Structure formats: structure tokens, C-alpha cells
Amino acid sequence: MPLAEAIPPVHGKVGKSRRRPKTLYADRAYDHDRYRRQLREKRIEPIIPRRGTPHGSGLGVHHWVVEQTIALLHWLRRLRIRREIRDDIHGALMTLASDVICRRRLNH
């Protein structure tokens, strides 16, 4: 839940930005009614496939984007092998890495 609470405001349409997303995608590892209940209390609709159900729910499209982003961040060795003890330094390096990746993508 700390991860869900750390989500920044969602910008988009004109007007006051949303404080929380409408939906949250997660994988089968988070298949527990406690997580679903906590998210619904925060008015976030959880989309979490149940364990034991067949694959093919369509969540793979969203997971692929996340996995590709993680793979791009692992290009940079300093992020692949974390040596920073402080979270703020690691967060700053993640921001810089994201900027580098976006710049490379826009230049191509």
C-alpha cells in the first residue's frame, strides 16, 4: 500500500488533477482480497487476475510496457547493480536514466 499511496497526481483533462488513478493493474502475486479491499477504500479499481485462472486476460499488454521500461533502465549498469544506500540518490539516478532513455527515443 505505500507504493499505491506514493502515486503522484494524475494529469490530463483541464481542471483539477486527480489525486489517484481510476484503476491499478497488478499481477497474480497480489491476488489477495485484503489488497483489493484497501484499494477500493481509496476509490481505486484493482485489476488483479485471480490465481489459478487461465492466462489471456489482456493484462500482458500493460505488463509488457513495464517490463520493457525496466529492461531499458538496466542498460545503465549503475541502476542494474544498486550500490546507493540512500533512496533519494537512487531516485535521482532513476530520473536521470528516464531522461536519457526518453531523449534517445525522441532522437531516433
Side-chain angles (χ1 to χ4, degrees):
M1 286 314 296
L3 185 61
E5 292 170 1
I7 297 172
V10 179
H11 301 287
K13 296 180 180 178
V14 177
K16 185 177 178 183
S17 60
R18 291 179 48 87
R19 295 295 301 163
R20 293 183 181 89
K22 290 181 182 177
T23 58
L24 186 122
Y25 292 93
D27 57 9
R28 295 174 200 279
Y30 297 98
D31 177 29
H32 197 281
D33 290 333
R34 178 180 61 181
Y35 298 131
R36 286 185 174 87
R37 185 181 65 249
Q38 289 174 350
L39 287 170
R40 285 190 179 110
E41 286 173 0
K42 295 182 178 295
R43 295 185 305 210
I44 299 174
E45 180 62 30
I47 300 178
I48 306 171
R50 299 270 181 195
R51 291 182 187 179
T53 58
H55 292 277
S57 61
L59 291 178
V61 174
H62 302 285
H63 284 283
W64 184 82
V65 174
V66 173
E67 290 170 0
Q68 181 190 28
T69 305
I70 292 170
L72 290 172
L73 290 172
H74 282 180
W75 281 351
L76 306 166
R77 184 173 183 201
R78 182 129 188 190
L79 294 175
R80 186 174 54 233
I81 303 169
R82 182 176 173 180
R83 294 190 178 109
E84 290 78 25
I85 296 172
R86 293 178 34 195
D87 288 337
D88 57 340
I89 294 174
H90 185 70
L93 289 173
M94 292 289 282
T95 302
L96 286 172
S98 301
D99 292 343
V100 168
I101 290 168
C102 290
R103 185 176 181 134
R104 286 180 183 170
R105 291 285 171 136
L106 290 173
N107 285 339
H108 290 293

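Note that this is a predicted model, so its numbers are computed, not measured.
- No continuous path of hydrophobic side-chain contacts links V100 to L93 [ILVMFWY only; heavy atoms under 4.5 Å].
- Taking a cutoff of 4.0 Å between a charged side-chain nitrogen and a carboxylate oxygen, D33 and R50 qualify as a salt bridge.
- In terms of heavy-atom proximity, P49 sits nearest to A26 at CD-O, 3.3 Å.
- Contact of the L72 side chain with the R104 side chain is not registered, since no non-hydrogen atoms from C-beta on lie closer than 4.5 Å.
- A 6.0 Å sphere centred on CZ of R103 holds no more than 12 heavy atoms belonging to other residues, nucleotides or ligands.
- For the atom pair L39 CG and L24 CG, the distance stands at 5.5 Å (nearest 0.5 Å).
- Taking 4.5 Å as the limit, some side-chain heavy atom of R40 sits within range of a side-chain heavy atom of E45.
- A donor-acceptor contact shorter than 3.5 Å links the side chain of R36 to the backbone of I48.
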